Amino acid sequence: MSDLRDLLAYATTRAADYRQRMAEAPVFPADADLDAIRKALGPLPDEPAPAAEVIRQLADIVEPALVASTGPRYFGFVIGGALDAATAADVLTTGWDQNAFNVVSSPGAALVEDVAGGWLKDLLGLPGGASFGFVTGGQAANTVGLAAARQHVLAAAGWDVERRGLHGAPAVQVVASAERHVTIDCAVRFLGLGTDTIRPVAAGAQGAIDVADLARVLADGPAGPTIVCLQAGNVNSGACDDLLAAAAVAHEHAAWVHVDGAFGLWAAASPATRHLVQGIESADSWAADGHKWLNVPYDSGYAFCAHPRAHQAAMSFTAAYLTGQGAGGPRAPGDYVLESSRRARGFATWAALRELGRTGVAGLVDRCCALARRFAEQLGAADGVTVVNDVVLNQVLVSFGSDQETNRVVDAVQRSGECWMGATSWHGQRLMRISVSSWRTTEADVDRSVAAILAARSGSAAR
Ligand SMILES: Cc1ncc(COP(=O)(O)O)c(C=O)c1O
């Protein structure tokens, strides 16, 4: 194993073997001895080591502490698996080690992002003229979208925030659902607006924004620069805001509309769920993840903007030595993201979309939704078990009677190794939170997981 060819073959074989094993291995490494693993990782060595030995050591030491989120029975957070083509494309991306800054740093990376970005807009029903950036994930996508929003609403008020900053600027109000994702608050913090600028809007029974309350909050608020944050896919229930109605109300107040659709935006990719995000095209910016429901490996997210100039003004920069930037040239990927030098994320997304095709993406969305309904039907039929949300997408929220019992069942399921789902608190209740987001999950995996959940429940009830 002396050359790079052998080393990469070894690494990819280890990764492939690992992924294959994950269909049957305990989903969470509950028995991993983290102290022993830390010790095995060792202190900083003084002497170099052969690459082959390093890679074998790394895999041997760390694999026992990995989580089988690429396997078929991982239902925690919203973590997709990783499609085969996208995984292999990511291996190539690492091998090619391109800097996806612009066409001079990598013509291939820039071109692939250009093509894949167009495909994404097409699939998600976004305006053809929207700009896009390939970012690390939903947090970055929300930050980029809100940076473009901040630029635009302040420019409309006669203030160049990129040059003058926020000192002395007209106050910007951010209006967002009480059930927004916490990364909206983070983005507002990063952008110097401060979370106190967020004016919360009530959410309805399923967690979608109350459009009447949105109208009230906007009517009661100051008339200055305003950003409204909507959501496709409530992180707990999966509910989508009524984007058509909410965006119309927001635009009546000349507000910028940003949609956080980290996973829910993918509803647009299937004819069966597209109605959930009707009006999606009327927003001004959108955030979506590749590494969740599209099943691209980490890290992969997308920031889209209906106002390319605001997007560019917020993100781009140039310097005398940076050839390939500037007006009139080919699209420069670096003009739309937070980073300067960065990984060529477009390759994995292109591969995922090429592997699935339009019908395959719709099929993935439909299958996950159908499997979520299967969870809901089977669990909801059991005594003392209640599914508390309308399962419109891939999220299922389950109560086992009391908060204490729910915590106990979740804990027992997690320790069982059969499957893994997290817990959440929503509308005053402790709940098991199931997210079906992996291309590998089958009906048999759901049935097996339901059996594990019900066994955990009887076990804890018997105590
Ligand atoms: C609705 C929503 N927005 C944003 C995020 C943040 O995405 P990421 O973890 O990719 O940064 C998530 C993650 O779960 C999410 O569900």
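Throughout, numbering of the chain's residues begins at 1 and tracks the sequence. Numbering of ligands and ligand atoms starts at 1, following listing order. Here the structure is a predicted model, which is why all the values come from computation and not from measurement.
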Test of ring centre spacing under 6.0 Å for Phe375 and Phe75: yes
Below 3.5 Å, N or O to N or O, backbone or side chain included: is there any such pair between Lys292 and ligand 1? yes
Does the distance from a Lys or Arg side-chain N to an Asp or Glu carboxylate O, for Arg19 and Glu24, drop under 4.0 Å? no
Check the angle between the aromatic planes of His152 and His307 and answer parallel, tilted or perpendicular using the 30° and 60° thresholds. tilted
Taking only heavy atoms of Gln139, which atoms of ligand 1 are found under 4.0 Å from at least one of them? 6 (C), 7 (O), 8 (P), 11 (O)
In sequence, state the C-alpha distance, the side-chain angles, and the governing distance for Tyr74 and Thr441, and then conclude on side chain to side chain donor-acceptor pair (under 3.5 Å). CA-CA 9 Å; Tyr74 187 85; Thr441 305; over 6 Å; no
Do ligand 1 and Gly138 have nitrogen or oxygen atoms that lie under 3.5 Å from each other? yes
Could you list the atoms of ligand 1 found under 4.0 angstrom from a heavy atom of Phe263? 16 (O)
Under-4.0 Å heavy-atom contact with ligand 1, by part of His181 that carries it: side chain
Starting from the C-alpha separation in whole Å, work towards a yes-or-no answer on ring pair (Phe, Tyr, Trp, His ring centres under 6.0 Å) for Trp350 and Phe134. CA-CA 12 Å; Trp350 183 90; Phe134 282 67; over 10 Å; no
Taking NZ, NE, NH1 and NH2 as the nitrogens, is one of them in Arg415 or Asp411 under 4.0 Å from a carboxylate oxygen of the other? yes
I want to know whether Trp286 and Phe132 have ring centres closer than 6.0 Å. no
Distance filter under 4.0 Å to His291 heavy atoms, resulting ligand 1 atoms: 10 (O)
Counting each atom of ligand 1 from 1 as listed, which ones have a heavy atom of Asp289 under 4.0 Å away? 7 (O), 8 (P), 10 (O)
Give the atom numbers and elements of ligand 1 that come within less than 4.0 Å of a heavy atom of Gly137. 10 (O), 11 (O)
Contact check, Gly233 vs ligand 1, heavy-atom distance below 4.0 Å: yes
Heavy-atom nearest neighbour in the protein, as seen from atom 16 (O) of ligand 1, with distance rounded to 0.1 Å: Val235 CG2, 3.4 Å
Using the rule salt bridge (charged side-chain N to carboxylate O under 4.0 Å, His left out), only one of Asp90, Asp289, Asp299 pairs with Arg345; which is it? Asp299
For atom 1 (C) of ligand 1, what's the nearest protein heavy-atom neighbour? Residue, atom name and distance, please. Asp260 OD2, 3.5 Å
